[in-house]
Trainee: 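I have a structure here, written as structure tokens, and I will follow up with some questions on it.
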Amino acid sequence: MWPTADPDALRPYDELTRMLPRVAPPGPPGRGDAAAEQPSPGAGEAPGDADRWETPDQAEPPSLARSAGTIAIASLISRITGFAWKVMLVWVLGIGVANDSFNVANTLPNIVYELLLGGVLASIVVPLLVRSQDDPDGGLAYTQRLLTVALTTLAAATVIAVVTAPAFTAIYVDSSTDRANSELTTAFAYLLLPQVFFYGVFALLMAILNARNVFGPPAWAPVVNNLVIMTTIGVYALVPGQISLDPVSMGDAKILTLGVGVTIGIVAQAAMLLPPLLRSGFRFRWRWGIDERMKEFGTLAAWIVGYVLVSQLGYIVTTRVLTAGAPGGMTAYYNAWLLFQLPYGVLGVSLLTAIMPRMSRAAADGDDHGLIGHLSYASRISTVTLLPIAAVMTVVGSSAGIALYSIGQGAEGAGAERLGQALAISAFGLLPYALVMLQLRVFYALKDARTPTLIMLVMTAVKVPLLYLCPVLLAPHQIVLGAMLVNSLTFVVGAFLGQVWLWARLGNLRSRRVLGVIIFTVAACALGVVAAVGAGMLVPGTLPEIVEAWISLLVQSIVGLGVSFGALAALGLEELKPVTSRVSALVRRG
């Protein structure tokens with residue numbers, strides 16, 4: 001729902017924060033009252049100090065299918081609009097120092113938020129929101145106390161982050177080669193770091209609303225953010241002149257337009273959740289103190305904070321290696337990564353939404369057999385849906401870079417091609433990436449935060465030395481290709497390690513069946529690649545570069561995916577049925 005602190009590693013512990021509607025009312029009284037076992041959130045206060053906040057069970061909760069459908073549609077539109085504004089940014093800023101500086105600065109608020117609250121929110125606060133609904137006041141006091149502590153912490157951290165913006169720049173930007181512009185990065189950081197507070201507010205309010213069976217506004221709020229940023233980029237394009245790189249001025253109209261406008265987008269995203277929160281009957285008042293129930297999650301929180309810290313080490317090395325290379329390397333890497341993970345984001349939401357709650361339930365019930373079955377099925381679905389896309393990405397990567405990012409580039413058109421090459425060279429890591437995210441979610445479903453942190457530690461230990469080899473072995477303009485290659489190799493290591501670890505913990509993972517599906521899918525993808533390459537040879541080479549790129553992208557994608565999925569359908573793989581049934585349903589609706 002919100003950007004990640006590290007674009008190389010999504011937040012798999014978000015599975016702990018996923019609040020799904022209760023599909024059945026609570027059991028009859030007499031089997032033990034959870035509220036009686038919990039300390040009162042208002043300990044030390046008179047019983048009448050807090051008003052009652054009506055629990056969602058007293059109203060008819062939305063159906064699981066309807067809620068999941070709303071989230072899936074909103075997530076898809078959010079990803080599309082989010083991708084659109086990043087492409088627009090390349091159009092107006094180019095693939096160079098200015099965009100590199102903005103991208104580094106724009107990740108800083110996410111990094112600070114993640115280190116400060118992200119992991120703790122997932123591991124401690126959110127799981128207790130639902131439990132607090134059994135309190136005599138319906139969880140009102142607990143929620144007020146949570147917001148009081150969190151808002152105070154966020155405000156203080158935001159002020160400190162803005163004041164220390166130059167220090168953040170020094171950590172993430174390597175200026176030793178004079179190819180980066182740390183002054184411009186710092187200028188953007190001053191304007192973008194206030195987002196820390198609003199990222200935190202959005203995350204907190206989203207968790208509170210999800211716990212009350214309110215899913216629509218939190219799912220659609222990021223779309224509002226993306227639309228505000230798209231408008232900001234349009235205004236930026238109309239502001240005359242160029243960003244001054246030497247000297248850099250905080251008063252530069254272009255810098256102010258982009259920095260303030262993007263921050264306003266995050267403010268709007270958080271503000272979207274206030275009306276539904278008020279409609280739920282919640283009223284805020286300051287309530288100080290730490291809830292005693294949070295202590296039981298202390299160990300879990302410590303390991304998740306460790307996960308965040310380890311992943312940040314990998315990201316720091318990535319940004320320093322890229323900013324020390326040719327200008328535009330960070331932008332190429334960032335946008336290639338967005339293209340890389342887009343298929344997983346869309347298909348993961350639409351195809352795996354129904355599996356994840358079942359997996360979590362099986363883990364909670366101690367049903368290892370059911371958990372392994374869901375894991376195996378999810379792995380096979382990921383294989384048949386993502387492997388053909390990865391194969392086609394390898395063929396159309398360069399065309400995709402030129403088609404999507406060359407507009408407005410002029411002399412920097414080579415940067416768009418390099419971006420596409422980075423996508424093509426790393427496409428083999430798409431399935432391992434999806435498997436790593438799936439495996440880590442299994443560990444979190446088992447309430448095991450230690451193993452994911454250890455896996456991330458091994459992945460980072462592999463990644464860091466390989467990243468430092470890139471400037472030694474590659475020319476400056478090729479470092480981004482090496483960085484993306486290393487990124488994918490790291491996911492291969494992570495997927496293998498996660499599979500071994502789960503096998504040691506759960507026993508037979510039905511890996512033979514998964515391997516069989518992989519072999520059949522690879523064979524089908526090979527046919528698709530051959531067909532896509534052949535189709536590309538038919539595209540005339542005399543056309544303008546962008547026109548040729550667009551035709552090649554569309555023709556090769558359609559032919560490659562058509563042949564790959566056609567071959568899979570001919571093989572009669574059961575795992576393809578969810579895809580074909582969804583497509584058939586859409587066709588019938590149309």
Side-chain angles (χ1 to χ4, degrees), residues 1-8 10 75-111 184-185 188 191-192 195 199 221-237 243 254-255 257-266 268-269 315 318-319 322-323 327-346 393 397 400-409 412-413 415-423 426 480 483-484 487 549 553:
M1 291 295 185
W2 54 83
T4 60
D6 178 2
D8 296 339
L10 291 184
S75 297
L76 177 60
I77 296 177
S78 175
R79 288 183 178 274
I80 292 173
T81 53
F83 180 74
W85 78 253
K86 293 174 180 72
V87 173
M88 290 174 60
L89 190 65
V90 173
W91 293 350
V92 300
L93 273 187
I95 301 179
V97 172
N99 210 331
D100 281 355
S101 299
F102 175 83
N103 281 322
V104 173
N106 199 37
T107 61
L108 295 180
N110 309 307
I111 291 167
L184 182 57
T185 304
F188 276 127
L191 299 172
L192 297 172
Q195 295 175 11
Y199 274 130
V223 177
V224 175
N225 170 36
N226 293 334
L227 294 176
V228 171
I229 297 177
M230 292 169 73
T231 303
T232 296
I233 294 173
V235 174
Y236 173 93
I243 290 180
K254 289 234 174 215
I255 293 177
T257 298
L258 193 57
V260 174
V262 172
T263 297
I264 289 175
I266 304 300
Q269 176 177 289
Y315 185 59
T318 301
T319 57
L322 289 170
T323 54
M330 185 66 198
T331 298
Y333 177 89
Y334 182 67
N335 284 277
W337 166 252
L338 290 172
L339 281 171
F340 173 91
Q341 60 114 10
L342 188 63
Y344 167 79
V346 173
M393 275 184 176
I402 295 172
L404 294 171
Y405 295 98
S406 282
I407 298 177
Q409 292 304 295
E412 295 182 23
E417 184 176 7
R418 180 178 51 166
L419 188 158
Q421 291 169 348
L423 173 65
S426 64
V480 63
M484 285 294 290
N487 201 36
L553 174 61

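Remember, predicted model here, so these are calculated numbers, not experimental data. One is the number of the first residue; the rest follow in order along the sequence.
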Trainee: Once rounded to the nearest 0.5 Å, what's the spacing between atom OG1 of Thr232 and atom CE of Met88?
Mentor: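 Here the rounded value is 9.5 Å.
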Trainee: What heavy-atom pair brings Tyr199 and Pro109 nearest, and what distance separates the two atoms?
Mentor: CE1-CB, 4.0 Å
Trainee: For residues Tyr334 and Thr107, is any side-chain donor paired with an opposing acceptor at under 3.5 Å?
Mentor: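 Their side chains do not contain a donor-acceptor pair, so the 3.5 Å distance test is not met.
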Trainee: Could you tell me if the side chain of Leu423 sits less than 4.5 Å from the side chain of Met484, heavy atoms only?
Mentor: no
Trainee: Would you name the heavy atoms of Ser78 and Thr81 that are closest together and state the gap between them?
Mentor: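 Closest pair (atom of Ser78, atom of Thr81, distance): O-OG1, 3.1 Å.
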Trainee: Would you sort out whether Met230 and Leu227 count as a side-chain contact (heavy atoms from CB on, under 4.5 Å), showing the intermediate values?
Mentor: CA-CA 5 Å; Met230 292 169 73; Leu227 294 176; 4.2 Å; yes
Trainee: How far does OG1 of Thr185 sit from CG of Leu192, to the nearest 0.5 angstrom?
Mentor: 10.5 Å
Trainee: What are the two closest heavy atoms between Gly328 and Arg418, and how far apart are they?
Mentor: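 Taking every non-hydrogen atom into account, C-NH2, 3.8 Å.
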Trainee: Drop me the distance from Asn103's CG to Leu89's CG, to the nearest 0.5 angstrom.
Mentor: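 Spacing of CG (Asn103) from CG (Leu89) equals 6.5 Å.
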Trainee: Looking at Asn487 and Ala483, would you say the former's side chain and the latter's main chain have a donor-acceptor pair under 3.5 Å?
Mentor: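 Here the side-chain-to-backbone pair does not exist.
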Trainee: How many angstroms lie between atom CD1 of Ile233 and atom OG1 of Thr257, to the nearest 0.5 angstrom?
Mentor: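 It is 12.0 Å, given to the nearest 0.5 Å.
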Trainee: So Asn99 and Val90, do their side chains get closer than 4.5 Å, heavy atoms only?
Mentor: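 Yes, at least one pair of side-chain atoms sits under 4.5 Å.
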Trainee: Between Asp100 and Leu322, is the side-chain contact (heavy atoms from CB on, under 4.5 Å) condition met? List the steps.
Mentor: CA-CA 9 Å; Asp100 281 355; Leu322 289 170; over 6 Å; no
Trainee: Compare all side-chain heavy atoms of Leu258 with those of Leu191 and state whether any distance is below 4.5 angstrom.
Mentor: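 Answer no - side chains too far apart.
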Trainee: Taking all non-hydrogen atoms of both residues, which atom of Val92 and which atom of Ala237 are closest, and how far apart?
Mentor: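 Shortest heavy-atom contact: CG1-CB, 4.0 Å.
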Trainee: Could you tell me which non-hydrogen atom of Ala400 sits nearest to which non-hydrogen atom of Leu553, and how far apart they are?
Mentor: CB-CD1, 4.0 Å
Trainee: May I ask you to test the Gln269-Val228 pair for a side-chain heavy-atom distance under 4.5 Å?
Mentor: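 The answer is no, as the side chains (C-beta and beyond) never meet within the 4.5 Å cut-off.
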Trainee: Name all residues meeting the side-chain contact (heavy atoms from CB on, under 4.5 Å) criterion together with Leu342; count only those two or more places apart in sequence or in a different chain, and write none if there are none.
Mentor: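 Only Arg79, Val346 meet the side-chain contact (heavy atoms from CB on, under 4.5 Å) criterion with Leu342.
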Trainee: Could you state the interatomic distance from CG (Asn110) to CD (Gln195), rounded to the nearest 0.5 Å?
Mentor: 7.0 Å
Trainee: Taking the side chain as C-beta and beyond, is there a heavy-atom pair between Thr331 and Tyr405 under 4.5 Å?
Mentor: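 Heavy-atom side-chain distance check fails, nothing below 4.5 Å.
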Trainee: Between Leu93 and Tyr236, is the side-chain contact (heavy atoms from CB on, under 4.5 Å) condition met? List the steps.
Mentor: CA-CA 10 Å; Leu93 273 187; Tyr236 173 93; 3.0 Å; yes
Trainee: Is the side chain of Asn106 donor-acceptor paired with the backbone N or O of Phe102 at a distance under 3.5 Å, no angle test?
Mentor: no
Trainee: Show, in sequence, the C-alpha distance, side-chain angles and deciding distance for Trp337 and Thr318, and conclude whether the side-chain contact (heavy atoms from CB on, under 4.5 Å) test is met.
Mentor: CA-CA 12 Å; Trp337 166 252; Thr318 301; over 6 Å; no
Trainee: Just by distance, do the side chain of Trp85 and the backbone of Thr231 share a donor-acceptor pair under 3.5 Å?
Mentor: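 No, Trp85 side chain to Thr231 backbone: no donor-acceptor pair under 3.5 Å.
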Trainee: For a quick test of reading the model, state the closest non-hydrogen atom pair linking Phe340 to Ser426 and the distance between them.
Mentor: CE1-O, 3.2 Å
